[in-house]
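Report on one structure; see the data block that follows.
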Amino acid sequence: GENVEQHPSTLSVQEGDSAVIKCTYSDSASNYFPWYKQELGKRPQLIIDIRSNVGEKKDQRIAVTLNKTAKHFSLHITETQPEDSAVYFCAASISLGGGNKLTFGTGTQLKVEL
Amino acid sequence: DAGITQSPRHKVTETGTPVTLRCHQTENHRYMYWYRQDPGHGLRLIHYSYGVKDTDKGEVSDGYSVSRSKTEDFLLTLESATSSQTSVYFCAISRTGLAGVKKAGELFFGEGSRLTVL
């Protein structure tokens with residue numbers, strides 16, 4: 001089955017700096033790569049996703065890049081703010097017909113310091 | 001809450017007792033999932049369903065069973081709870097074809113059920 005590795009497990013940045021979280025996946029058939037943000041005590045929520053037919057996607061301060069050859073994908077957050085502090089999870093799946101059996105990474109605790 | 005609720009939200013039980021967690025959705029989605037979340041492991045898929053009476057195992061299905069007798073409800077049962085099943089359990093649905101959904105197939109999670117097995 002799919003295996004997703006995520007690094008780093010913790011990340012501390014100064015407010016205004018950029019943060020980068022990296023993931024690798026094992027199954028070359030995976031074609032859907034979402035990123036979830038989870039605040040303390042809350043449910044994971046989708047913040048951005050990318051499909052295997054594109055290499056990069058941006059949404060305001062966040063962006064995701066995908067390297068299919070290397071089986072790497074990354075989350076980039078620019079101009080970080082205190083409200084970006086949370087746990088971030090990457091995931092991968094083979095998306096078919098509306099269903100998504102996501103395999104998650106182990107998470108990155110991001111702390112944005114003032 | 002986008003039409004997905006979990007119950008109970010918190011439960012403390014003893015080793016060896018049966019436990020059932022319920023996931024209820026109001027949007028008539030075909031796909032439903034149960035994940036567990038543990039420190040250092042992220043979210044791991046227990047079981048999923050692709051329709052009424054259609055279920056399959058995920059990566060950590062041992063010790064768990066599921067049932068889906070109607071579209072809106074997906075039940076997760078621990079036949080004989082063990083301390084290793086202490087976890088936060090999240091139900092999720094694949095939201096497809098709805099206005100405002102970021103992407104077809106996006107997983108939307110319930111608020112979670114915290115289970116403690118003593």
Side-chain angles (χ1 to χ4, degrees), chain A residues 1-10 21 23-27 30-54 57 59-60 62 64 86-109, chain B residues 1-6 9-10 23 27-51 54-61 68 74 88-98 100-114:
Chain A
E2 176 66 274
N3 182 53
V4 177
E5 295 190 356
Q6 182 173 348
H7 300 280
S9 57
T10 60
I21 303 170
C23 291
T24 61
Y25 62 99
S26 61
D27 190 342
S30 289
N31 60 1
Y32 176 63
F33 307 92
W35 287 87
Y36 283 79
K37 175 183 180 182
Q38 186 178 29
E39 297 175 346
L40 188 63
K42 301 292 182 64
R43 75 186 90 193
Q45 292 191 294
L46 179 72
I47 55 171
I48 194 169
D49 58 10
I50 191 168
R51 296 184 186 268
S52 59
N53 57 347
V54 296
K57 182 177 178 181
D59 183 1
Q60 299 183 337
I62 60 174
V64 58
V87 179
Y88 291 80
F89 293 97
C90 63
S93 76
I94 302 171
S95 177
L96 293 172
N100 270 318
K101 286 170 50 182
L102 294 178
T103 298
F104 285 85
T106 52
T108 296
Q109 174 77 60
Chain B
D1 65 357
I4 180 170
T5 56
Q6 293 184 228
R9 294 289 315 283
H10 301 272
C23 180
E27 297 179 338
N28 205 36
H29 295 288
R30 178 182 175 190
Y31 296 92
M32 299 183 75
Y33 311 81
W34 276 107
Y35 283 85
R36 62 177 287 175
Q37 184 174 33
D38 305 287
H41 291 278
L43 293 123
R44 292 179 290 174
L45 182 65
I46 306 170
H47 281 279
Y48 65 101
S49 171
Y50 43 95
D54 290 325
T55 65
D56 207 347
K57 297 178 180 180
E59 64 177 304
V60 290
S61 59
R68 192 159 178 210
F74 191 32
V88 179
Y89 291 85
F90 284 98
C91 175
I93 55 175
S94 281
R95 305 182 72 203
T96 58
L98 293 180
V101 174
K102 286 188 174 65
K103 186 71 69 176
E106 169 189 347
L107 256 64
F108 186 87
F109 288 88
E111 294 184 324
S113 295
R114 182 175 295 276

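Below, chains carry the letters A, B, ... as their sequence lines are ordered, and counting in each starts from 1. Small disclaimer: the values here were computed from a predicted structure and weren't measured.
- With a 4.5 Å cut-off on non-hydrogen atoms, A:Q6 does not touch chain B at all.
- With a 4.5 Å cut-off on non-hydrogen atoms, A:K42 touches chain B through its backbone but not through its side chain.
- Per-residue heavy-atom pair counts under 4.5 Å with chain A were compared for B:R44, B:H41, B:Q37, and the maximum is reached by B:Q37.
- For B:F90, the part lying near chain A is the side chain, with the backbone staying farther off; criterion is any non-hydrogen pair under 4.5 Å.
- No side-chain donor-acceptor contact under 3.5 Å links B:Y33 to the backbone of A:L102.
- Both the backbone and the side chain of A:P44 come within contact range of chain B, judged by heavy atoms closer than 4.5 Å.
- B:L43 touches chain A through backbone and side chain together, each having a heavy atom under 4.5 Å away.
- The shortest distance between side-chain heavy atoms of A:R43 and B:I4 falls below 4.5 Å.
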